[in-house]
Amino acid sequence: MAQLSSNLLYVAFFIYFAASIVFAISLFGKKWRKSDEVTHSKKWGMWGFALSTVGFLFQLSYFITRWIAAGHAPVSNLFEFTTFFGMAMVFAFLIIYLIYKSNVIGVFAMPVAIIVIAYASVFPSDIQPLIPALQSNWLKIHVTTAALGEGILSISFAAGLVYLVKTVNQSKASKSTFWLEFVMYSLISTIAFVVLSLGFEAAGYSSTYQFVDQNEQQITVDYTLPAIAGPTDGQYVSGNEFGPLFEAPGWMKGEKAAHKLNTLIWSIFGGLILYGLVRLILRKRIGAAIQPALKNVNEELVDEIQYRAVAIGFPVFTLGALIFAMIWAQAAWTRFWGWDPKEVWALVTFLFYAAYLHLRLSRGWQGEKSAWLAVVGFVIIMLNLVVVNLVISGLHSYA
């Protein structure tokens, strides 16, 4: 059953990839076909939507079969949570598409969902028994609702990115073009990290180090990427001998913090190389290269999609990441709130989107200002997923 589940996820991934290409054709392929633009867009948009729906059904089947194989909701580690987060993004996109029939959101949202799911593949995917704190019905209620809320909020990021690529003046360098390119670089660095991880895994790279943690326990950590950052006072044990070039700072006390810092470093450098190659090919900013294809995009419609996604995602996220989380915290740790890093970051996310809605509704922040807020909101969500999970120690370190 576990193998069947993995195969279903692979199939879903490749169907999502095909759907992304089809959506791109609906937007970028008008010139090749020399057909009526409305007919062309409608035809390929429907195919993109159909493929996205089929891919979602395959991923839903993955989720159900893995649940059966594990005996519990498959949202208990980073692999499972991240794949569910990607599935929630696709689900939210499908709902938005049924309402607005916007192909351009598919061009941006589906690749982001693919990147998220691909990012999950770098974490161990073995099914493991639940630790005592997770043996509660609130696990599936809290985590799935929080991930669904984040998935809906992520659609606002896709819509905000479309708005910015469409409207930011690319004829001269500015703060807006810089930060827009930084967003593009961030997406590319995630792709680079996935490619590097899978590449070194396929090459059979592995090295093992030992160190003594703050509890005087001897810890063994396996590196699947060459060790740029090694454990503090760590000793090389076996495997492919490379580095480390330096030791992780002593204040980083998260579980396997040095190993996780190493992944961030590889993401940054891998992203720089891949982004440089893309810029070399395009010979212009990525935003500037995409912008001409968006000339017929309805800015007001994209702005509305961005706002609606926040208006729907915010209460769902609040319910899952704060209210249900506090109920679970009381059941697991006998307190509603404990300022654990994940709890703090959930509060930061809640406050940010509350400020977004306040500024939008009472101060009239629409258009570019609102789009930048949507982009920053997604950055906060990804910092929670990547940095807080990988670097900072806390009660959620099992994730």
Side-chain angles (χ1 to χ4, degrees), residues 8-30 40-63 82-121 147-148 150-166 183-184 186-192 194-195 278 286-287 289-290 293-294 297 301-302 305-306 308-309 312-313 371 374-375 378 381-382 385:
L8 289 169
L9 183 60
Y10 281 125
V11 173
F13 180 85
F14 286 109
I15 293 177
Y16 288 155
F17 187 72
S20 300
I21 294 174
V22 171
F23 274 123
I25 292 173
S26 76
L27 191 66
F28 298 99
K30 297 168 186 173
H40 171 86
S41 179
K42 187 175 180 181
K43 173 186 171 185
W44 288 96
M46 286 303 298
W47 276 109
F49 174 74
L51 283 170
S52 302
T53 304
V54 173
F56 174 78
L57 292 176
F58 269 95
Q59 191 171 1
L60 185 62
S61 300
Y62 141 80
F63 184 77
T82 309
T83 53
F84 186 83
F85 174 40
M87 186 170 73
M89 284 185 64
V90 175
F91 176 71
F93 164 69
L94 294 176
I95 300 299
I96 291 292
Y97 189 88
L98 284 173
I99 299 171
Y100 292 100
K101 303 289 188 301
S102 176
N103 294 347
V104 71
I105 301 300
V107 175
F108 284 74
M110 290 304 296
V112 173
I114 288 173
I115 291 172
V116 168
I117 294 170
Y119 177 66
S121 68
L148 179 61
E150 290 182 343
I152 300 170
L153 291 171
S154 298
I155 299 302
S156 72
F157 160 72
L161 195 56
V162 171
Y163 189 96
L164 293 172
V165 173
K166 155 83 176 173
V183 172
M184 298 297 181
S186 300
L187 294 173
I188 286 177
S189 67
T190 307
I191 296 172
V194 172
V195 171
V278 173
I286 296 175
I290 299 174
L294 306 185
V297 169
L301 179 65
V302 171
I305 292 173
Q306 176 219 125
R308 293 292 180 194
I312 297 170
V375 170
F378 185 71
I381 289 173
M382 293 309 293
L385 180 63

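Computed from heavy atoms alone, side chains included, the values below leave out hydrogens, waters and symmetry copies.
More than 12 heavy atoms of other shown residues, nucleotides or ligands fall within 6.0 angstrom of atom OH in Tyr100. Few gaps surround NZ on Lys101; more than 12 heavy atoms of other groups in view lie less than 6.0 Å from it. The neighbour count for Phe58 CZ, taken as heavy atoms of other residues, nucleotides or ligands under 6.0 Å away, does not exceed 12.
Of all heavy-atom pairs spanning Gly160 and Ala371, the tightest one is O-CB, 3.7 Å. The nearest pair of heavy atoms linking Ile290 to Met184 is CD1-CE, 4.3 Å. Minimum heavy-atom separation, Leu153 to Ala309: CD2-O, 4.2 Å. The minimum heavy-atom distance linking Ala92 with Gly151 is given by the pair CB-O, 4.0 Å.
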Stepwise, does the side-chain contact (heavy atoms from CB on, under 4.5 Å) test hold for Leu294 with Val107? CA-CA 11 Å; Leu294 306 185; Val107 175; over 6 Å; no

Please evaluate residues Val165 and Ile286 with respect to the criterion side-chain contact (heavy atoms from CB on, under 4.5 Å), reporting the C-alpha separation (whole Å), side-chain torsions for both, the decisive distance (0.1 Å), and the verdict. CA-CA 9 Å; Val165 173; Ile286 296 175; over 6 Å; no

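Listed by chain and number, the residues in a ring-ring contact (aromatic ring centres under 6.0 Å, His included) with Phe23 are Phe93, Tyr97 (sequence neighbours excluded). For Leu148, the side chain to side chain contact (heavy atoms under 4.5 Å, CB included) partners two or more places apart in sequence, or in a different chain, are Ala88, Phe91, Ile152, Val316. Considering only residues two or more places apart in sequence or on other chains, Ala374 meets the side chain to side chain contact (heavy atoms under 4.5 Å, CB included) condition with Ser156, Gln306. For Gln59, the side-chain hydrogen bond (donor to acceptor under 3.5 Å, both in side chains) partners at least two apart in sequence or on another chain are Tyr16. Under the side chain to side chain contact (heavy atoms under 4.5 Å, CB included) criterion, Val195 pairs with Ile191, sequence neighbours left out. In terms of the side chain to side chain contact (heavy atoms under 4.5 Å, CB included) criterion, residue partners of Leu94 (sequence neighbours excluded) are, by chain and number, Phe49, Ser52, Thr53, Phe56, Val90. Shown here are the side-chain hydrogen bond (donor to acceptor under 3.5 Å, both in side chains) partners of Tyr62, two or more places apart in sequence or in another chain: Thr83. Every residue two or more places apart in sequence or in another chain was checked for a side-chain hydrogen bond (donor to acceptor under 3.5 Å, both in side chains) with Tyr10, and none qualifies.
Atom CD1 of Ile155 is separated from atom CZ of Arg308 by 16.0 Å, given to the nearest 0.5 angstrom. Here the CG atom belonging to Leu301 is positioned 7.5 Å from the CD1 atom belonging to Ile105, to the nearest 0.5 angstrom. Interatomic distance, Trp47 CH2 to Ile21 CD1, rounded to the nearest 0.5 Å: 15.0 Å. If you take CD1 on Ile305 and OG on Ser102, they are separated by 4.0 Å, rounding to the nearest 0.5 Å.
You'll find the side chain of Phe85 reaches within 4.5 Å of the side chain of Ile381, heavy atoms only. Counting heavy atoms from C-beta outward, Asn103 and Leu27 have side chains that stay 4.5 Å or more apart.
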Got a list of side-chain donor-acceptor pairs under 3.5 Å for residues 108-117, not counting sequence neighbours?
none

